[in-house]
A.B. asks: 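Could you have a look at this structure, given as structure tokens, before my questions?
Because the structure is a prediction, the values reported are computed rather than measured.
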Amino acid sequence: MNEGRVKLEPSWKERIGAYLERPEMQALAGFLRAEKQQGKVIFPPGPEIFAAFEHTPFDKVRVVILGQDPYHGPGQAHGLCFSVRPGVPPPPSLQNIFKEIQRDLGIAPPDHGCLTPWADRGVLLLNAVLTVERGLAASHQGKGWEGFTDAAIDALNREREGLVFLLWGSYAQRKGQLIDARRHCILRSVHPSPLSAHRGFLGCGHFSAANRYLEEHGQAPVDWSLPPRSELAA
């Protein structure tokens with residue numbers, strides 16, 4: 001995979017950069033090039049594919065939220081799972097995340113759906129698959145991204161201790177097989193999608209539970225509040 005245009009943050013490159021040279025990643029790069037040459041629109045834009053790593057360096061990670069693949073609507077995906085750009089209406093799953101934070105911690109939902117401040121505070125917002133074709137959900141599953149994001153989770157599992165992994169839905173929970181529950185905290189729930197949120201996500205208490213675990217292990221809790229849209233960096 002050509003890193004000329006898409007650069008991996010140095011602390012992550014040190015650990016998983018070599019994975020980008022593997023044959024399956026070269027094949028993935030070829031697939032993405034061919035799709036673009038056919039005029040297909042790929043989300044997120046190239047420079048934002050690795051945004052989760054850019055905003056949350058390896059040693060800064062405290063919490064990991066695993067998503068499935070990027071939003072496939074125009075202007076939504078910007079490289080952080082569940083997050084949308086400022087000014088884009090929060091999708092239903094994100095609205096339910098905000099509802100649970102309000103129920104759990106009393107923090108009112110923000111006037112936007114941009115989760116970049118969380119990423120900058122140590123919440124790795126990682127999709128299992130990092131690209132998608134416009135309008136076609138899950139269109140890039142099975143193309144090679146899963147092994148790369150597995151490598152990222154494996155590195156965190158092995159080299160760090162006391163992290164919190166929030167695994168929402170069966171897809172994210174399968175990634176949980178890579179995590180040693182004796183070294184880290186794993187919190188599982190159904191997905192926040194409207195199709196499942198009322199079966200256990202709303203009421204799961206994961207945000208307060210994550211902070212309790214961090215504090216019990218000598219770490220600062222995560223500030224789950226988000227600044228108003230007017231204060232977000234352009």
A.B. asks: Just verifying a value: how many Å separate L156 CG and W12 CH2, rounded to the nearest 0.5 Å?
C.D. replies: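 It comes to 3.5 Å.
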A.B. asks: What I want to check is whether the side chains of K175 and T149 have a donor and an acceptor closer together than 3.5 Å.
C.D. replies: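 Per modelled atom types, K175 and T149 side chains form a pair under 3.5 Å.
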A.B. asks: Does any non-hydrogen side-chain atom of D111 lie less than 4.5 Å from one of P228?
C.D. replies: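 Answer yes - side chains close enough.
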A.B. asks: Work out which heavy atom in S225 is nearest to a heavy atom in R121; give both atom names and the distance.
C.D. replies: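 So the minimum-distance heavy-atom pair works out to O-NH1, 2.6 Å.
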A.B. asks: Using atom types as modelled and distance alone, determine if a side-chain donor or acceptor of R183 lies under 3.5 Å from a backbone N or O of I179.
C.D. replies: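 No, R183 side chain to I179 backbone: no donor-acceptor pair under 3.5 Å.
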A.B. asks: Is the shortest distance from a Lys or Arg side-chain nitrogen in R212 or E215 to a carboxylate oxygen in the other one below 4.0 Å?
C.D. replies: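 Salt bridge flag = no for E215 with R212.
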A.B. asks: Without swapping roles, check the side chain of R160 against the backbone of H184 for a donor-acceptor pair under 3.5 Å.
C.D. replies: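 A pair under 3.5 Å: no.
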A.B. asks: Walk me through it: do V129 and E146 pass the test side chain to side chain contact (heavy atoms under 4.5 Å, CB included)?
C.D. replies: CA-CA 6 Å; V129 176; E146 291 91 342; 3.4 Å; yes
A.B. asks: Is a donor on one side and an acceptor on the other found under 3.5 Å between the side chain of S208 and the backbone of D104?
C.D. replies: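 No; zero donor-acceptor contacts below 3.5 Å.
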A.B. asks: Check step by step if side chain to side chain contact (heavy atoms under 4.5 Å, CB included) holds for L202 and R103.
C.D. replies: CA-CA 8 Å; L202 296 173; R103 188 208 64 80; 5.9 Å; no
A.B. asks: Hey, which of E48, Q76, H112 is the one that makes side-chain hydrogen bond (donor to acceptor under 3.5 Å, both in side chains) with R85?
C.D. replies: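 The side-chain hydrogen bond (donor to acceptor under 3.5 Å, both in side chains) with R85 is passed solely by E48 among E48, Q76, H112.
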A.B. asks: To the nearest 0.5 angstrom, please state how far the CG atom of L94 sits from the OG atom of S193.
C.D. replies: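 Going from the CG atom of L94 to the OG atom of S193 covers 12.5 Å.
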A.B. asks: Check for a donor-acceptor pair, side chain of N96 on one end and backbone N or O of A197 on the other, with a separation under 3.5 Å.
C.D. replies: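 No, the answer is negative, given that no donor and acceptor are paired below the 3.5 Å cut-off.
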A.B. asks: Out of curiosity, does I16 fall in the hydrophobic cluster containing V61 (side-chain heavy atoms, cut-off under 4.5 Å, transitive links)?
C.D. replies: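 Yes, because V61 and I16 connect within a single hydrophobic cluster, where side-chain heavy atoms sit under 4.5 Å apart.
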A.B. asks: Will you find, in the side chains of H140 and T131, an N or O donor that is under 3.5 Å from an N or O acceptor?
C.D. replies: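 Result is yes, a qualifying pair exists.
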A.B. asks: NZ of K60: more than 12 outside heavy atoms within 6.0 angstrom?
C.D. replies: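 At most 12 heavy atoms, drawn from other residues, nucleotides or ligands, come within 6.0 Å of this atom.
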A.B. asks: Calculate, to the nearest 0.5 Å, the distance between atoms CZ and CG belonging to R62 and N211 respectively.
C.D. replies: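 With rounding to 0.5 Å, CZ (R62) is 8.0 Å from CG (N211).
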A.B. asks: Are H78 and S83 side-chain neighbours, meaning at least one heavy-atom pair lies under 4.5 Å?
C.D. replies: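 Heavy-atom side-chain distance check passes, below 4.5 Å.
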A.B. asks: By side-chain hydrogen bond (donor to acceptor under 3.5 Å, both in side chains), which residues pair with S93, not counting sequence neighbours?
C.D. replies: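 Per chain and number, S93 pairs via side-chain hydrogen bond (donor to acceptor under 3.5 Å, both in side chains) with no residue.
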A.B. asks: Quick check: is F43 connected to L32 through a chain of hydrophobic side chains (ILVMFWY, heavy atoms under 4.5 Å apart)?
C.D. replies: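 No, L32 does not connect to F43 through the hydrophobic network.
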A.B. asks: Find out whether L20 and L8 are in side-chain contact, i.e. whether some heavy atom of one side chain is under 4.5 Å from a heavy atom of the other.
C.D. replies: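 When only atoms from C-beta onward are counted, L8 and L20 do touch, with a gap below 4.5 Å.
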A.B. asks: Side-chain heavy atoms nearer than 4.5 Å, only ILVMFWY residues, links allowed to pass through others: does that put F53 and I49 together?
C.D. replies: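 Shared cluster, yes.
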A.B. asks: When rounded to the nearest 0.5 angstrom, what distance separates OG in S189 from CD in Q173?
C.D. replies: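 So the OG of S189 and the CD of Q173 are separated by 7.5 Å.
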A.B. asks: Is the shortest heavy-atom distance from the side chain of I97 to the side chain of F201 under 4.5 Å?
C.D. replies: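 Side-chain contact under 4.5 Å: yes.
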A.B. asks: Please name the residue in the list V63, T56, I65 that meets the side chain to side chain contact (heavy atoms under 4.5 Å, CB included) test with L125.
C.D. replies: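 Output: one option passes, namely I65.
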A.B. asks: Does any part of the side chain of F98, heavy atoms only, come nearer than 4.5 Å to the side chain of P110, both counted from C-beta?
C.D. replies: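 Yes - at least one pair of side-chain heavy atoms lies under 4.5 Å apart.
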A.B. asks: To the closest 0.5 Å, what do you measure between OG (S11) and CZ (R15)?
C.D. replies: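 With rounding to 0.5 Å, OG (S11) is 6.0 Å from CZ (R15).
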A.B. asks: With clusters defined by side-chain heavy atoms of hydrophobic residues (ILVMFWY) lying less than 4.5 Å apart, directly or transitively, does F58 cluster with L130?
C.D. replies: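 Yes, because L130 and F58 connect within a single hydrophobic cluster, where side-chain heavy atoms sit under 4.5 Å apart.
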A.B. asks: Has the side chain of E9 got a donor or acceptor atom that lies under 3.5 Å from a matching backbone atom of A51?
C.D. replies: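 The answer is no, because no donor-acceptor pair under 3.5 Å joins these two groups.
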A.B. asks: How far apart are the closest heavy atoms of W168 and P192, and which atoms are they?
C.D. replies: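 Here W168 and P192 meet closest at CB-CD, 3.7 Å.
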A.B. asks: Nearest heavy-atom pair of V132 and S139: which atoms, and what distance?
C.D. replies: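 In this case the closest contact between V132 and S139 is CG2-OG, 3.5 Å.
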A.B. asks: Mind checking whether W224 and W118 have parallel, tilted or perpendicular rings, split at 30° and 60°?
C.D. replies: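 Judged by the thresholds at 30° and 60°, the geometry between W224 and W118 is perpendicular.
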A.B. asks: CG of D180 to CD of E161: how many Å apart, nearest 0.5 Å?
C.D. replies: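 If we round to the nearest 0.5 Å, D180:CG and E161:CD are 9.0 Å apart.
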A.B. asks: Using side-chain heavy atoms (C-beta onward) and a distance below 4.5 Å, is L187 in contact with C204?
C.D. replies: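 Contact flag for L187/C204 side chains = no.
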A.B. asks: At their closest point, which heavy atom of G205 faces which heavy atom of E100, and how far apart are they?
C.D. replies: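 Scanning both residues completely, I find the closest heavy atoms to be N-OE2, 2.8 Å.
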A.B. asks: Is there a side-chain contact between I107 and I101, using heavy atoms and a 4.5 Å cut-off?
C.D. replies: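 In short, these two side chains touch, coming nearer than 4.5 Å.
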A.B. asks: Are L80 and I153 connected into the same hydrophobic cluster when the rule is that any two of I, L, V, M, F, W, Y join if their side-chain heavy atoms are below 4.5 Å apart?
C.D. replies: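 Cluster IDs for I153 and L80 differ.
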A.B. asks: For the side chain of Q219 and the backbone of G162, is there at least one donor-acceptor N/O pair under 3.5 Å apart?
C.D. replies: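 Between the backbone of G162 and the side chain of Q219 there is a qualifying donor-acceptor contact (under 3.5 Å).
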A.B. asks: Please answer whether the main-chain N or O of P90 pairs with a side-chain N or O of Q95 as donor and acceptor at a distance below 3.5 Å.
C.D. replies: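 Between the backbone of P90 and the side chain of Q95 there is a qualifying donor-acceptor contact (under 3.5 Å).
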A.B. asks: Determine whether D150 and D154 satisfy the following criterion, side chain to side chain contact (heavy atoms under 4.5 Å, CB included), listing intermediate values before the conclusion.
C.D. replies: CA-CA 6 Å; D150 279 357; D154 180 61; over 6 Å; no
A.B. asks: Looking only at heavy atoms, what is the nearest atom pair of A172 and L66, with distance?
C.D. replies: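 Smallest heavy-atom distance, with atoms named: CB-O, 3.8 Å.
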A.B. asks: Side chains of K7 and K13: closer than 4.5 Å at any heavy-atom pair?
C.D. replies: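 With C-beta onward as the side chain, the pair stays apart.
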A.B. asks: Ignoring hydrogens, what is the shortest heavy-atom contact between P117 and C114? Give both atom names and the distance.
C.D. replies: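 For P117 versus C114, the nearest heavy atoms are CD-O, 3.7 Å.
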